[in-house]
2 protein chains.
Amino acid sequence: MQSKPTTIKEIARLLNISPSSVSRGLHDHPSIGAVTREKIKQLAKSLNYEPNNAAILFQKGKTYTIGVILPELSEHFFSTAISAIEDEALKKNYTVIFAQSHDDYDQEVKLVEKMKNQRVDGLLVSISKDTSKFDHFEKLNSFNIPVVFFDRIPPLKNVHYVACSLESATVKAINYLLKKGHRSIGMINGPTTLFASDERKDGYMQAITFNRLKFDPSLIVNCDLTEKGTIEAANQFLNHKRKPTAIVAFNDYVALFLIKYFKKINVVNDFDIVSYANLPIISYIDHSPVASVEQYPYLQGQKAANILLDLMNSPNSENQAFYNTIVESDLIVNEGKD
Amino acid sequence: MQSKPTTIKEIARLLNISPSSVSRGLHDHPSIGAVTREKIKQLAKSLNYEPNNAAILFQKGKTYTIGVILPELSEHFFSTAISAIEDEALKKNYTVIFAQSHDDYDQEVKLVEKMKNQRVDGLLVSISKDTSKFDHFEKLNSFNIPVVFFDRIPPLKNVHYVACSLESATVKAINYLLKKGHRSIGMINGPTTLFASDERKDGYMQAITFNRLKFDPSLIVNCDLTEKGTIEAANQFLNHKRKPTAIVAFNDYVALFLIKYFKKINVVNDFDIVSYANLPIISYIDHSPVASVEQYPYLQGQKAANILLDLMNSPNSENQAFYNTIVESDLIVNEGKD
DNA sequence: CGAAATTAATCAAACGTTTGCGTTGTTTTT
DNA sequence: AAAAACAACGCAAACGTTTGATTAATTTCG
């Protein structure tokens, strides 16, 4: 009743050869004769032999595991990204373990420590909102655990990362709105502490100045990304001397709050809204954004995973080169709204 | 530069005692004296000793890993559930690995096999849509790997599971609609192969007959859950001799398709819609469902994980008792729509 | 005071696999 | 025909930790 998994020893015993020969036979080592090799393989197959991973990991001192730390799994962006990571890892026979920081710095520090103790071979990280120190990652260097950051990356030079250029995407978004005839464009930006806020702002300014228009700083409002904050920001626009006719929202949640509020006060048709995609079904709502910045979470996850797999399997000599991959984001125009 | 993790052997060498004493000391084994124990612990701490997990797993023949197989991580329900699973596992120092079947039977079979080979200590499964055979799970019995199904459970008696009682929830939904005055209620149900379809149908019938109303089978339409299928189902209702005034949609996606279609043909105000929750933001759309059946994914994940942890740590004697946990689902009435 | 019980530690095996090195025979080279 | 090369396999150690059995030293008790 109680099946024990087949082992190499068992196969060796049945075949009257040594375990080492079985091991070599299974790995097509040249020093094992063809006939023996086939006998080994056939018996292994018929006994449903599967290598005991724990034993291999232990003996090789590797875990064939990559850790993923991200802020919030239930966010569509991250669940998509981790899905990609898992797919890539599976191809190379790596296992993925993950943990959520819930956007908490202390939690993130703990998780990094835990991942290190779990002896992950490498780490993929999307940093939490309120992480501004990065010592906890540097410790991993001495243990030779490579780290690749994705999407939410730290403002450091000497790290590997994959991210989206929100700046160029924002330029595209503003250009699109300008081409539609808008001359006063508001932006509900995130907290100033976020790198992503800088990128949006820079993109905004770049597009405005490139088109030889006057940049009005009061058209960019920082916001804590809550519903309340969004409404406050919206009110600033409504009372603005140059009331904008289009608004770039920090993300789909903000866009959602905005649309809800605008509907309530019956001004929803006065604005074109552009947002940064993270809710798959936003296009289903009425008066949904006219365009969205697509950040390709699957692609980002894929690239980050592949870079990490690369780093883990290369000698640690080439420490000077850092992978800095930018995934181009695209402006997706919402059809039927144009 | 290149740090090697501290080992028990190293500690033993430095303290001039045997590795076994160190191991016992760290585990508060009574046969180690208090002074020695403290010396061991202090040195271990100062050297940042962390047990080599791979070695422990190997030697114990356990992996302290629970596997999760689910259809689609990007669905909000599942990402929430796995988030709960991870939280529970972490508490007991278990690691979670997961994989997606993408609702494909063959893939699911492969994943079960893979999880078995990875030597997971237990498995949590939400079965794929087109799984109707369950041999691949039974094989796990002989390897003493407990399985707990959650949400999408197989129609078997001798399995552990956690699920939502969609039947009673459906009763609540129908009762709610009846109380609102509806007398002809349509239901867009899923494929007949799904257990979840049976439950909805049973709940519908139960509520109708309990209220001494006549049950009209043509008011329940099976549907493949695609947009096209939803529209076809909707058309059946529109042409029905007793055109319903309320419709119960199989899930939020179906509700979404339905609302979109009804809006297009300008009949959206003719219907009250009730749905089963899986999209967190559905309440933001116009003409959103008047009520939703909440299935508490976090709670389900939590319970399933705890049952599994229980099973893994109990002797395999009590094989007769099966955990059959039903999480009561609630009808959430969409405020402001009532 | 000697036997038994208790305390505190050690020994050695085990878990399954890999791998450097050694040992056979057999074949090829000069 | 002796030396060199090669083919095919076995031996044994190693990875870090746990644990049953054992030993040695000390204490307790009748």
Side-chain angles (χ1 to χ4, degrees), chain A residues 2-41 43-44 47-65 93 116-121 143-144, chain B residues 2-41 43-44 47-65 93 116-121 143-144:
Chain A
Q2 186 77 297
S3 320
K4 286 278 169 216
T6 312
T7 69
I8 279 192
K9 285 186 177 180
E10 177 74 3
I11 296 176
R13 198 179 54 78
L14 292 173
L15 252 40
N16 264 322
I17 57 180
S18 76
S20 47
S21 296
V22 176
S23 174
R24 289 192 236 262
L26 291 171
H27 290 91
D28 293 319
H29 192 281
S31 85
I32 299 298
V35 280
T36 317
R37 176 170 18 95
E38 287 315 310
K39 270 200 294 184
I40 292 170
K41 289 195 175 180
L43 184 58
L47 291 180
N48 275 319
Y49 168 74
E50 289 290 342
N52 180 329
N53 241 291
I56 296 174
L57 304 186
F58 166 55
Q59 114 76 34
K60 294 219 167 188
K62 287 185 60 176
T63 56
Y64 288 96
T65 297
N93 252 298
K116 193 204 77 194
N117 296 342
Q118 292 252 8
R119 311 280 206 275
V120 295
D121 289 343
F143 286 92
N144 230 26
Chain B
Q2 185 78 296
S3 322
K4 285 280 169 216
T6 312
T7 69
I8 278 191
K9 286 186 177 180
E10 177 75 2
I11 297 176
R13 197 178 55 77
L14 292 172
L15 251 40
N16 264 323
I17 57 179
S18 76
S20 47
S21 296
V22 176
S23 173
R24 289 191 161 100
L26 291 171
H27 290 89
D28 292 319
H29 192 281
S31 86
I32 298 297
V35 280
T36 317
R37 175 166 24 90
E38 288 316 310
K39 270 201 292 184
I40 292 170
K41 289 194 176 181
L43 184 57
L47 291 180
N48 274 320
Y49 169 74
E50 288 292 340
N52 180 329
N53 240 295
I56 295 174
L57 304 185
F58 166 56
Q59 115 75 32
K60 292 221 170 187
K62 287 185 63 176
T63 56
Y64 290 93
T65 296
N93 252 298
K116 195 204 72 194
N117 296 341
Q118 292 252 9
R119 310 284 204 276
V120 294
D121 289 342
F143 286 92
N144 230 25

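Residue numbers start from 1 in every chain, and the chains themselves are labelled A, B, ... in the order their sequence lines are given, proteins ahead of strands.
If you measure from atom CZ of Arg13(B) to atom C1' of dG16(D), you get 15 Å, rounded to the nearest angstrom. Rounded to an integer number of Å, the gap from CD1 of Ile8(A) to C1' of dT17(C) is 6 Å. The interatomic distance linking His29(B) (NE2) with dA21(D) (P) rounds to 12 Å, in whole Å. Remark: P of dA8(C) and NZ of Lys39(B) are 13 Å apart, rounded to the nearest angstrom. Between the CG atom of Asn52(A) and the C1' atom of dC15(C) there is a distance of 8 Å, given to the nearest Å.
Nearest to the side chain of Thr36(A), among dA8(D), dA9(C), dT19(D), sits dA8(D). Closest to the side chain of Lys60(B), from the set dT19(C), dT18(D), dC9(D), is dT18(D). Of the candidate nucleotides dT17(D), dT18(C), dG10(D), dG10(D) has the atom lying nearest to any side-chain atom of Ser21(A). Distances were taken from every side-chain heavy atom of Ser31(A) (C-beta onward) to each of dT19(D), dA8(D), dT17(C); the shortest belongs to dA8(D). Side-chain proximity of Ser20(B) to the nucleotides dA12(C), dG16(D), dT19(C) is greatest for dA12(C).
Residue Gly33(A) is in sugar-phosphate contact alone, with no base atom involved, counting any heavy-atom pair closer than 4.0 Å across all strands shown. Here Asn53(B) lies out of heavy-atom contact (under 4.0 Å) with every strand.
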Practice item. Assess whether side-chain contact (heavy atoms from CB on, under 4.5 Å) is satisfied between Asp28(A) and Lys41(A), documenting all intermediate values. Key: CA-CA 10 Å; Asp28(A) 293 319; Lys41(A) 289 195 175 180; 2.7 Å; yes
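Between Tyr49(A) and dG16(C) there is no side-chain polar atom (N or O) within less than 4.0 angstrom of OP1 or OP2. Phosphate contact (OP1/OP2 of dT17(C), side-chain N/O of Ser23(A), threshold under 4.0 Å): absent. Contact between the side-chain N/O atoms of Lys62(A) and the OP1/OP2 oxygens of dC15(D) is not found at any separation under 4.0 Å.
Between the His29(B) side chain and the Ser31(B) main chain, a donor and an acceptor come within less than 3.5 Å of each other.
Residue side chain Phe58(B) fails the stacking definition with respect to dT17(D), as its ring centre and the base's six-membered ring centre are not both under 5.5 angstrom apart and under 30 degrees in plane angle.
Judged by atom type and distance alone, Arg24(B) reaches the base of dT10(C) through a side-chain donor-acceptor pair under 3.5 Å.
Using a 4.5 Å heavy-atom threshold, the side chains of Tyr64(A) and Asn53(A) count as separate. With contacts defined as side-chain heavy-atom distances shorter than 4.5 Å, the pair Asn52(A)/Arg119(B) qualifies.
Between Glu10(A) and Arg13(A) there is a salt bridge, with a side-chain nitrogen of the basic residue lying less than 4.0 Å from a carboxylate oxygen of the acidic one.
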